[in-house]
Amino acid sequence: MRIVIANQKGGVGKTVSAVNLAYAIHSLRHEKKESVLLIDGDEENFAASDWVATGAKNGVTPPFGCVTLKDYDPKKHKATHLMLDTKGGEGEDALLTLSKQFDLLIIPSKPEAISLRALIRTIRPLVKAGRTNYRVLLTDVASAPSTSGEEAKQSLLDAGVPVIGQMIRRATAVEDASNRGICVRDVKRNSRASLVWMDYTIVAREIFAQILQQEAMK
């Protein structure tokens with residue numbers, strides 16, 4: 001399974017999602033002896049690599065490999081599942097190419113207006129080219145009584161935009177995990193950490209189901 005996470009807009013939870021989905025996929029599939037490789041395609045900030053390096057300084061070794069895109073060698077770095085974290089601001093042509101090279105393109109977006117407008121610009125070339133192997137993942141979604149997440153999801157669905165059913169809730173545990181270079185699941189003394197981990201686990205299951213459905217339709 002080959003997954004790429006990209007958006008023309010930065011600051012939408014791209015690397016956070018790439019790292020925690022890598023953890024979630026490993027958690028779901030390691031008993032089947034399936035491996036995960038996280039490829040850091042952000043060759044300006046190296047955000048995913050920095051996350052893993054920060055964890056190493058805190059004595060944490062992720063259960064998956066992590067390599068920069070420049071150093072990635074498919075003959076050397078073999079894995080059952082590949083997760084590519086791209087740089088922020090990927091151009092239209094790059095996103096279209098990525099959608100053709102990977103099984104599924106995940107486009108994270110916050111549910112606020114600025115991010116959603118950028119999202120529409122991001123998916124426009126995919127729609128024009130007739131691509132269907134992409135899904136929007138709503139991140140940093142405020143909890144009740146706010147309904148911004150559900151409203152954004154419904155608006156996207158009404159517009160024919162494919163959206164992953166499970167949204168990622170807003171929580172300080174996400175920032176804590178990033179600062180320490182760990183999985184959000186392992187953030188202590190934060191009651192919402194386990195809820196965010198549950199969100200990513202459900203998303204990982206949805207991803208597997210979506211890819212299996214795509215393969216069945218070929």
Side-chain angles (χ1 to χ4, degrees), residues 1-30 34-58 60-109 115 118-119 121-123 125-126 129 131 133-137 139 164 168 174 177-184 200 203-204 207-208 210-211 214:
M1 180 174 72
R2 298 165 299 166
I3 302 168
V4 56
I5 299 186
N7 195 324
Q8 288 186 355
K9 187 180 185 304
V12 291
K14 187 171 54 58
T15 298
V16 168
S17 294
V19 171
N20 283 289
L21 282 174
Y23 272 104
I25 291 171
H26 172 267
S27 178
L28 292 173
R29 310 297 289 190
H30 75 279
E34 297 180 5
S35 56
V36 180
L37 178 65
L38 176 60
I39 303 173
D40 187 350
D42 185 351
E43 297 182 329
E44 295 177 0
N45 299 311
F46 297 99
S49 299
D50 183 65
W51 187 308
V52 172
T54 300
K57 293 177 182 177
N58 291 317
V60 176
T61 301
F64 52 82
C66 181
V67 63
T68 64
L69 182 58
K70 179 181 178 181
D71 293 333
Y72 172 62
D73 181 346
K75 294 182 179 180
K76 176 182 177 183
H77 302 104
K78 295 185 180 298
T80 315
H81 307 292
L82 298 180
M83 174 81 67
L84 173 62
D85 178 33
T86 62
K87 66 178 185 294
E90 288 283 7
E92 293 183 0
D93 291 342
L95 288 171
L96 184 56
T97 298
L98 288 169
S99 74
K100 295 176 181 178
Q101 294 175 336
F102 285 78
D103 298 316
L104 187 65
L105 166 60
I106 297 176
I107 308 172
S109 177
S115 293
L119 171 65
R121 291 193 296 272
T122 296
I123 67 173
L126 301 173
R131 303 300 301 174
N133 64 326
Y134 67 94
R135 294 293 181 273
V136 172
L137 172 63
T139 61
I164 292 176
I168 307 300
V174 172
S178 177
N179 289 338
R180 295 173 56 196
I182 62 176
C183 176
V184 69
Y200 276 114
V203 169
I207 288 171
F208 275 103
Q210 176 59 38
I211 291 177
Q214 289 176 186

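Residues Leu105 and Leu95 share a closest heavy-atom pair of CD2-O, 4.2 Å. Residues Gly181 and Val60 come closest through the heavy atom pair O-CG1, 4.3 Å. Considering every non-hydrogen atom in both Ser17 and Ile5, the closest pair reads C-CD1, 4.0 Å. Listed here is the closest heavy atom pair of Asp103 and Arg2: OD2-N, 2.7 Å. The nearest pair of heavy atoms linking Gly41 to Leu69 is CA-CB, 3.9 Å. Ser109 and Val12 make their closest contact through CA-CB, 4.1 Å (heavy atoms, listed as atom of the first residue, atom of the second, distance).
The side-chain contact (heavy atoms from CB on, under 4.5 Å) test with Met83 is passed by exactly one of Val4, Val19, Ile25: Ile25.
Residues that satisfy the side chain to side chain contact (heavy atoms under 4.5 Å, CB included) test with Ala56, not counting sequence neighbours, are absent from this structure. Every residue two or more places apart in sequence or in another chain that forms a side chain to side chain contact (heavy atoms under 4.5 Å, CB included) with Ser49 is listed here: Asp40, Phe46, Cys66, Thr68.
Side-chain N or O atoms of Asn20 include one that pairs as donor or acceptor with a backbone N or O of Val184 at under 3.5 Å. With hydrogens and angles disregarded, a donor-acceptor distance shorter than 3.5 Å links the side chain of Thr80 to the backbone of Ser35. Under the 3.5 Å distance criterion, the side-chain polar atoms of His30 are matched with a main-chain donor or acceptor of Ser27.
The shortest distance between side-chain heavy atoms of Phe102 and Asn133 does not fall below 4.5 Å. Counting only heavy atoms from C-beta outward, the side chains of Val174 and Thr139 never approach each other to under 4.5 Å. Here the side chains of Leu84 and Tyr72 are not in contact, with every heavy-atom distance at 4.5 Å or above. Residues Thr15 and Asn45 form no side-chain contact, since every pair of their non-hydrogen atoms from C-beta on lies 4.5 Å or further apart.
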Start with the C-alpha gap between Trp51 and Val16, add the side-chain angles, then the distance that decides, and say whether side-chain contact (heavy atoms from CB on, under 4.5 Å) holds.
-> CA-CA 9 Å; Trp51 187 308; Val16 168; 3.8 Å; yes

Taking it one step at a time, do Ile39 and His77 satisfy side-chain contact (heavy atoms from CB on, under 4.5 Å)?
-> CA-CA 10 Å; Ile39 303 173; His77 302 104; over 6 Å; no

Please report the C-alpha distance between Ile3 and His81 in whole Å, then the side-chain angles of each, then the deciding distance to 0.1 Å, and finally whether the side-chain contact (heavy atoms from CB on, under 4.5 Å) criterion is met.
-> CA-CA 8 Å; Ile3 302 168; His81 307 292; over 6 Å; no

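The salt bridge (Lys or Arg N to Asp or Glu O under 4.0 Å) analysis of residues 63-88, with sequence neighbours excluded, yields the pairs Lys14-Asp85, Lys87-Glu90.
Atoms CD1 and CG, on Ile182 and Asn58 in that order, are 8.0 Å from each other to the nearest 0.5 Å. To the nearest 0.5 Å, the span separating OG1 on Thr86 from CG on Asp42 amounts to 8.0 Å. Summarising the geometry, atom CG belonging to Leu137 is positioned 6.5 Å from atom CD1 belonging to Ile106; distances are rounded to the nearest 0.5 Å.
No more than 12 heavy atoms of other residues, nucleotides or ligands shown are found within 6.0 angstrom of CG on Asp93.
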